[in-house]
Number of protein chains: 2
Amino acid sequence: MTKSVTFDFNKPEENLGYLLWQTTMRWQRLMNRALEDIGLTHTQFVILAALGWLLKQNDYVTQKDIAEHSNTDRMMVSKILRKLQADGLVIRREHEKDTRAKIVEITDEGIEILQKAIAIKTQANEGFFEKIDNKSRFRTELENLIS
Amino acid sequence: MTKSVTFDFNKPEENLGYLLWQTTMRWQRLMNRALEDIGLTHTQFVILAALGWLLKQNDYVTQKDIAEHSNTDRMMVSKILRKLQADGLVIRREHEKDTRAKIVEITDEGIEILQKAIAIKTQANEGFFEKIDNKSRFRTELENLIS
DNA sequence: TGAAAATTGTTGTCGAGAATACTATTGTTG
DNA sequence: CAACAATAGTATTCTCGACAACAATTTTCA
C-alpha cells in the first residue's frame, strides 16, 4: 500500500542553506512588524535609507545610484520610490542634463520617518542578534559568503 | 540649496541584519537558478522535500503536516501543492476520517524530480558555503538565532 | 447532548523580488 | 555626422510570503 520512498537526504534542519533561509525569513518578519507602525516595509526602509545615506555625500542622487548602493534592482527602486513619493516621503524630478535620469530628494516627512525607522530597526536588530556569541566572526562569515 | 541631511546611522554594509538579508537573497537566487532546469523553485522544492521526508516516517501526510515541518504557512502549502499537482508531482485526496484534511502523496515523477533536485541543491550548497571557515560554528550561530 | 472553540484548507489582497522586453535618451566610434 | 551601443527608467508577468476572512468540519466540555 504505502509506496517505498527512499531519499538520500538529511533532515532539512541540518542543511545550512535551509537554516540561513529560515533565519532570514524570521528576521524579515520581525523587521516588517517593527516598522509596521510607521507604515514602512523593510524593503522600503532599505531604499529610503540608501537615499538618505547617499544624500550625505552627494549633491544629487539618481535612482540608479540608489539601486547600486542598496543592491536591489532598478525595477524595485522604481516601484518603491513611486510608492514613497505617493506617501510624501520623497520627491522625484528630472535630471536637467540627462533627461533619462530622475533626481530623487527626501522630504522633511521622509527625514522624520527615516529617523524613526532607524531607531526602531536598531532596537529590533539588537534584540534579534543578541543571541550571537561572536558577532564579528559571524559578520566575517557572512561577508565571506557575499564576497 | 542642498538640504542638510544628518542621520544617525552606520553604513548599511555594517549592519548584521542587512548582511544576513543580502546573503540569503544571493543564496536563494543561486538555488532558483540551479533548480530552474527541472522546473522547480526553491520554495516548491522545500514543500516537496518536506513531503518526501515525512513520507519516510508516516503512513500518510496532510497539508498541515507539511506546513508544520517546512515552517511555511498552510496557505503557501495549499497553493504550492496545487501547482505541484498540476505538474503531476503530487496527488491530493480526501482524508477518510477527517474530511477537512487532505492526504498528500508523491508520484513516481515527483520522486524522480525530487531526487534530481536534491542532487542539484547539494552541489549548489557546497559551492555556496565553501567559503565558510567554521561551518559548525556558523550553524550554531544560526540555530541560536532561531531558537 | 449541544453550544462554543479549535482545526483544516481555500480565496483574495498586497508588497517583494526576478525576468523579459520596451521607450527614450545619451555615448561612442567608424 | 550617422549608425550603433550603452544607459535610465518603466510596463508586465510570475512566484513567494504575510495576512485577513471564510467554509466546513471536528473537538471540547459544561
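Per chain, numbering begins at 1; letters A, B, ... match sequence-line order. All of these numbers come straight from a predicted model, not from anything done at the bench. Below, each value reflects all heavy atoms present in this structure, side chains not excepted, and no hydrogens, waters or symmetry copies.
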So, OP1 or OP2 of [N]: does either fall under 4.0 Å of a side-chain N or O from [X]?
X: T43(A); N: dG15(C); answer: no
X: S78(A); N: dG9(D); answer: no
X: R92(B); N: dT10(C); answer: yes
X: R29(B); N: dA18(C); answer: yes
X: W21(B); N: dA16(C); answer: no
X: T99(B); N: dT25(D); answer: yes

Find the distance [X]:[atom1] to [N]:[atom2] and express it as a whole number of Å.
X: Q28(A); N: dG17(C); atom1: CD; atom2: C1'; answer: 10 Å
X: I80(B); N: dA18(D); atom1: CD1; atom2: C1'; answer: 13 Å
X: L35(B); N: dA19(C); atom1: CG; atom2: P; answer: 14 Å
X: Q44(A); N: dG15(C); atom1: CD; atom2: P; answer: 8 Å
X: H95(B); N: dT8(C); atom1: NE2; atom2: P; answer: 10 Å
X: R82(A); N: dG15(C); atom1: CZ; atom2: P; answer: 14 Å
X: N32(B); N: dC14(D); atom1: CG; atom2: P; answer: 17 Å
X: L81(B); N: dT8(C); atom1: CG; atom2: P; answer: 15 Å

Remember a base hit wins even if backbone is also touched, and classify [X] as base, sugar-phosphate or nothing at under 4.0 Å, heavy atoms.
X: M25(A); result: sugar-phosphate
X: T62(B); result: sugar-phosphate
X: K83(A); result: sugar-phosphate

Residues D65(B) and T62(B): side-chain donor-acceptor under 3.5 angstrom: yes

Donor-acceptor pair between R82(B) and S78(B) side chains, under 3.5 angstrom: yes

Partner nucleotide, any strand, of dT10(C) [Watson-Crick/G-U, under 3.5 Å]: dA21(D)

Q63(A) or R33(A), whichever maps to the more 5' nucleotide of DNA chain D: Q63(A)

Short side-chain to backbone donor-acceptor contact, D87(B) and L89(B), under 3.5 Å: no

Atom of W27(A), atom of N125(A) and distance for their closest heavy-atom approach: NE1-OD1, 2.8 Å

Which nucleotide in [options] has an atom nearest any side-chain atom of [X]:
X: M75(A); options: dG17(D), dT10(D), dA21(D); value: dT10(D)
X: K102(A); options: dT10(D), dT25(C), dT10(C); value: dT10(D)
X: K64(B); options: dA8(D), dT10(C), dT8(C); value: dT8(C)

5' priority, DNA chain C, between K97(A) and N71(A) [closest heavy atom]: N71(A)

Whether over 12 other heavy atoms sit under 6.0 Å from E96(A) CD: no

Steps toward side-chain hydrogen bond (donor to acceptor under 3.5 Å, both in side chains) verdict (T41(B), T43(B)): CA-CA 5 Å; T41(B) 64; T43(B) 310; 4.8 Å; no

Check: dT25(C) base within 3.5 Å donor-acceptor of R100(A) side chain: yes

